[in-house]
Amino acid sequence: MQRPLLHHLSLLLLLSSLITNAAVAAQPRQVSVGVYANEPKILLGQDGRLSGIFGELLNEIARQEDWQLLPQPCEWQQCLERTQRGEIDLLPDVAYSDSRAQVLDFHKHPALFSWSQLYSSENLHLKSILDLHGMRIAVLQGSVQEQYLQDLLDSFGLKAQLLGVQSLSQGFELVASGQADAAVANQRFGDFHAPHYRLQSSSIMFQPAQLFFATRKGQNADLLSTIDRYLQAWQNSPSSVYYQSLQRWGGERPKVLIPTAVWWGLATLALLLAIALGGALLLRRQVREKTQHLQASEQRLNTILDSVEAYIYIKDAQLRYQYANRKVCELFGLPLEQVIGKTDDQFFDLDTATNLHENDRRVLKLGERVQTEEINRSLTGETDLAFLSTKLPLRDSRGEIYALCGISTDISEHKKNLEKINQLAFYDPLTGLPNRRLLLDRLQQALAKHARGLQQGALLFIDLDNFKDLNDTLGHDMGDQLLQQVAQRLSSHVRAQDTLARLGGDEFVLMLEGLSLQPAQAVSQVEHVGNKIVAALSAPYSLLERNHSSTASVGIALFPNDRSTVDEVLKRADMAMYQAKAAGRNAMRFFDPQMQAEVSARASLEFDLRQSLAERRFILHYQPQVDAQGQLIGAEALVRWQHPTRGMVPPAEFIPLAESSGLILHLGRLILYSACEQLVAWAQDPQLKQLTLAVNVSARQFHHPDFVADVCAALAESGADPRRLELELTESQLVEDVENLISKMSQLKAQGIQLALDDFGAGYSSLNYLKRLPLDQLKIDQSFVRDLLEHPSDAAIVRTILALGDNLGLSVTAEGVETQAQYEALQRMGCRRFQGYLFAKPGPASALENWPRTPTTE
Ligand code: C2E
Ligand code: MG
Ligand code: MG
């Protein structure tokens, strides 16, 4: 039973399937088709049927295949979504894209080729994608074009406002109403509708597309393959409905059947061309913009470079000017074009150019940054400018130096000021010669150089003779003129390496360097110069259009020698100059080593003197003074120096030095005090209390303002009787300031002190004022006493002095009485007071204490 049942069941199924199939075959295939307004490709005709190219093609296929097409009107985006959901079987006019192929299936042979194109109003000419910068562009919202266009704009760096629209016609309307500048549409729609909106197609095309019927992924494969079959056949037949439809909707004729690949090639080419064109234009625009930008910044830079006060330039590796700012051009007096390519030897003299090139090469060859002072002399030698230049190497991207950039600042003014300051500090304004300061500096340098024994030098101290007289008689202006003429004459005898300076007043110094190393030769070289100078300076001068004669004395010191310090050399030359003066002026003298020895001896003596004063190594010896009967009437205090090594040193050897060094003030005070103490001691002795004690006073001591006070203080402090003190003055100290002298003497006399004039007759006291001096005594100079018996003239002088004393009421003492004959002769002449070896040599005070009442006779 089983078997017939199964058999029946299978039969039943077969039948039912046959019945079903027969029923299906009988009914047309229903195909829902998405329709939206995209004339001429797809639209819903007024009869409710599909229209447009896609519509007509599908209608024809449906007719032949007996499909029942069910148009499903929808907006584009909505159509797409419904197709994906399977609510629509076929959606015409879908551009293939990989992303769409994920959700939709496409047939193989594209139904149509299209591309996107921009349409604008007739007066806006869009030539390339670059022209879209800043434009408002209507584009189907969510469409492939929208994204594509955005990417395209981005890749060109352009900014445009994309206005999303729901339909292509809405986009065209926006353009037509001025709310958008351009609208994107597929070329088929655009070309078809543009005239209606008074729009024109631009040459901006992009995104070529293959258009298909699409269906939900995995469905309706039969529909797709059927469509492919028809399209393939039609596209191969120029008279097919396919081309008829294309022609109807867009005027397209299949004159030559172009293979798909060629179509694609052309489209791609067109796109590439558009991009290339756009790219080229973009580049050109960018170049133009960059050029403008560069031009602007170059102009800015030039303005800055031209307005600075520095000289700025660039020189290439061949040292040719590649750039020069305004200051440089002004300096050269040429426009920039004529400066460029030239080198420094075309602008500066040879020395300058060589120096500049040396500096430049350091920058170019060694890559150094050079900062240096450059003195630039123009070709004609007229202008001399000082620059502070900084030069830097310029390197290319590989680090190679290809040029240098220089910035030079004009420091001529600054240098001039420095020179002026220098001039004021180191030069004598009257003669323009170096001053003392500069001379000392140069001498110092010369000594350092010559100390190495390589050269000899000499210092010539030049002093005008009697210049003071000229100044006093003709005035300082004339004096200045003479000094200027002297400076001129001296300058003409000076070599470049020598230094001629004016120390001040009428003192000039000439320093000679580089003399022979042979002393004799050096001396004769200097002698030659010295003689020329003496001769040159003794020639008549013209002052106030009259001849004036003047001479000079020149002292010369050679250096180096063992004590060559600046001071020493100057001092020696000065001393030699004084010797020249002493020799009668208008002369030249070399510094004498003998003189040097004396100077040295004097220096060491002065040192000892100072030392001994501190150690109180000075004592007084006393020499008696007697009357005609040989009776002791007084004594003269004579200082003695107990030198630590030389024993007793007589005053003649150190008093002058004590005077010149000023030590006499200290020494004199010591003597005065100890003399007063001696008087006080004698006052205790009835034998000696009547004695006067004579104390020698040096000129410098006497003229000291404190002298009178010092004497009074010594007397007061010791308690000595002023009437026993006698001060001996020498004639030389009477010559100056007589009024002051008289006043001082009077003050001393008022104290009861006696005053004597020592060594009278040897000096040149004027009798005229001698009588005005409040003196008590004259001491006849020992030279007259010594030769009294031999020379009648000396006897005559002695007699005169004695008579003078009588007339002026002064007592007279004869000094240096050594013989009885002299003693007696003097007595016969009327002399009453005597001093000399005949009676006693100077000795310690004790000798006087033992003095006999009557003088010893031999
Ligand atoms: P003066 O004041 O004319 O002193 C006399 C000088 O003659 C002394 O030399 C004395 O020793 C020397 N004399 C005395 N009798 C004779 C003689 O018979 N024959 C010779 N040939 N000479 C005699 P002295 O002590 O060497 O002093 C020399 C000079 O030094 C003094 O000459 C005086 O001007 C100065 N002197 C001495 N002591 C002092 C002093 O304490 N103060 C100052 N300022 N000068 C002094
Ligand atoms: Mg004396
Ligand atoms: Mg004397």
Side-chain angles (χ1 to χ4, degrees), residues 609 612-613 617-626 634-643 647-678 692-704 707 710-711 714 725-733 754-763 765 775-789 798 801 812-823 825-826 831 833-845 847 855 858:
L609 199 60
S612 296
L613 262 174
R617 286 179 172 276
F618 296 90
I619 56 158
L620 288 182
H621 272 186
Y622 301 89
Q623 188 177 31
Q625 294 173 333
V626 299
E636 181 176 4
L638 294 159
V639 70
R640 297 291 180 263
W641 178 9
Q642 294 176 304
H643 192 277
M648 204 70 87
V649 182
E653 285 185 32
F654 64 87
I655 290 291
L657 181 63
E659 284 227 15
S660 66
S661 64
L663 291 171
I664 193 70
L665 299 172
H666 187 182
L667 180 61
R669 210 171 287 135
L670 275 181
I671 291 166
L672 211 54
Y673 271 84
S674 77
C676 286
E677 276 164 21
Q678 193 58 58
T692 56
L693 182 56
V695 174
N696 293 283
V697 174
S698 81
R700 191 150 178 195
Q701 197 184 352
F702 185 82
H703 287 294
H704 193 276
F707 179 68
D710 276 354
V711 175
L725 181 66
E726 185 176 71
L727 298 179
E728 289 189 11
L729 313 175
T730 52
E731 279 183 283
S732 61
Q733 64 206 75
Q754 299 182 51
L755 299 170
L757 192 55
D758 203 359
D759 305 336
F760 187 68
S765 312
L775 285 167
D776 298 288
Q777 193 179 154
L778 299 174
K779 293 184 81 173
I780 302 170
D781 189 75
Q782 8 184 317
S783 60
F784 303 117
V785 176
R786 189 173 58 228
D787 297 332
L788 173 78
L789 301 173
V798 172
I801 294 172
V812 177
T813 301
E815 274 194 288
V817 182
E818 293 185 356
T819 64
Q820 188 64 29
Q822 288 168 342
Y823 183 34
L826 284 163
C831 187
R833 302 170 67 94
F834 310 90
Q835 186 184 339
Y837 293 167
L838 177 65
F839 314 103
K841 288 197 170 183
E858 288 158 87

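Atom set for the values below is all heavy atoms of this structure, side chains included, hydrogens, waters and symmetry mates excluded. Numbering of ligands and ligand atoms starts at 1, following listing order.
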With the Mg ion (ligand 3) as the point of reference, which N/O/S atom of [X] is the closest?
| X | result |
| --- | --- |
| D758 | OD1 |
| D759 | OD1 |
| E815 | OE1 |

Of the listed options [options], closest to [atom] (non-hydrogen atoms):
| atom | options | result |
| --- | --- | --- |
| atom 2 (O) of ligand 1 | D759, D758, D781 | D758 |
| atom 6 (C) of ligand 1 | Q623, R700, Q782, E815 | Q782 |
| atom 17 (C) of ligand 1 | H621, E818, E659 | E818 |

Against heavy atoms of [X], which atoms of ligand 1 measure under 4.0 Å?
| X | result |
| --- | --- |
| G816 | 16 (C), 17 (C), 18 (O) |
| S698 | 44 (N) |
| V639 | 38 (N), 39 (C), 40 (C), 41 (O) |
| P842 | 11 (O) |
| E728 | 2 (O) |
| R640 | 11 (O), 25 (O) |

Nearest 10° is fine: what angle sits at the Mg ion (ligand 2) between OD1 from N696 and OE2 from E636? 90°
Short check: is a protein heavy atom less than 4.0 Å from atom 32 (O) of ligand 1? no
Under 4.0 Å from atom 9 (O) of ligand 1, is there at least one protein heavy atom? no
[atom1]/[X] to [atom2]/[Y] distance, rounded to the nearest 0.5 angstrom?
| X | Y | atom1 | atom2 | answer |
| --- | --- | --- | --- | --- |
| L613 | I664 | CG | CD1 | 9.0 Å |
| K841 | L638 | NZ | CG | 13.0 Å |
| Q623 | E815 | CD | CD | 7.5 Å |
| K779 | Q625 | NZ | CD | 5.0 Å |

Counting C-beta onward and ignoring hydrogens, is there a side-chain heavy-atom pair between [X] and [Y] closer than 4.5 Å?
| X | Y | answer |
| --- | --- | --- |
| N696 | V639 | no |
| L609 | W641 | yes |
| V697 | V711 | no |
| Q642 | M648 | yes |

Identify the protein heavy atom lying closest to [atom], giving its residue, its atom name and the separation to 0.1 Å.
| atom | answer |
| --- | --- |
| atom 24 (P) of ligand 1 | P651 CG, 3.6 Å |
| atom 16 (C) of ligand 1 | Y837 CE2, 3.2 Å |
| atom 41 (O) of ligand 1 | I671 CD1, 3.3 Å |
| atom 4 (O) of ligand 1 | L638 CD2, 3.5 Å |

Under a plain distance cut-off of 3.5 Å, with no hydrogens placed, do Q754 and Q777 share a side-chain donor-acceptor pair? no
Would you please classify the geometry between the F834 ring and the Y823 ring as parallel, tilted or perpendicular, with 30° and 60° separating the classes? perpendicular
Quick one: does E636 get a heavy atom under 4.0 Å from ligand 1? yes
Presence of salt bridge, E659 and R700, under 4.0 angstrom: no
For the Mg ion (ligand 2), the closest N/O/S atom belonging to E728: OE1
If you look at every heavy atom in [X] and [Y], which pair is closest and at what distance?
| X | Y | value |
| --- | --- | --- |
| L789 | A821 | CD1-CB, 3.6 Å |
| Q822 | R786 | NE2-O, 3.5 Å |
| V798 | I780 | CG1-CD1, 3.8 Å |

Test of proximity, P650 against ligand 1: N or O pairs below 3.5 Å: no
So, regarding N696 and ligand 1 (criterion: nitrogen or oxygen to nitrogen or oxygen, under 3.5 Å), is there a contact or not? yes
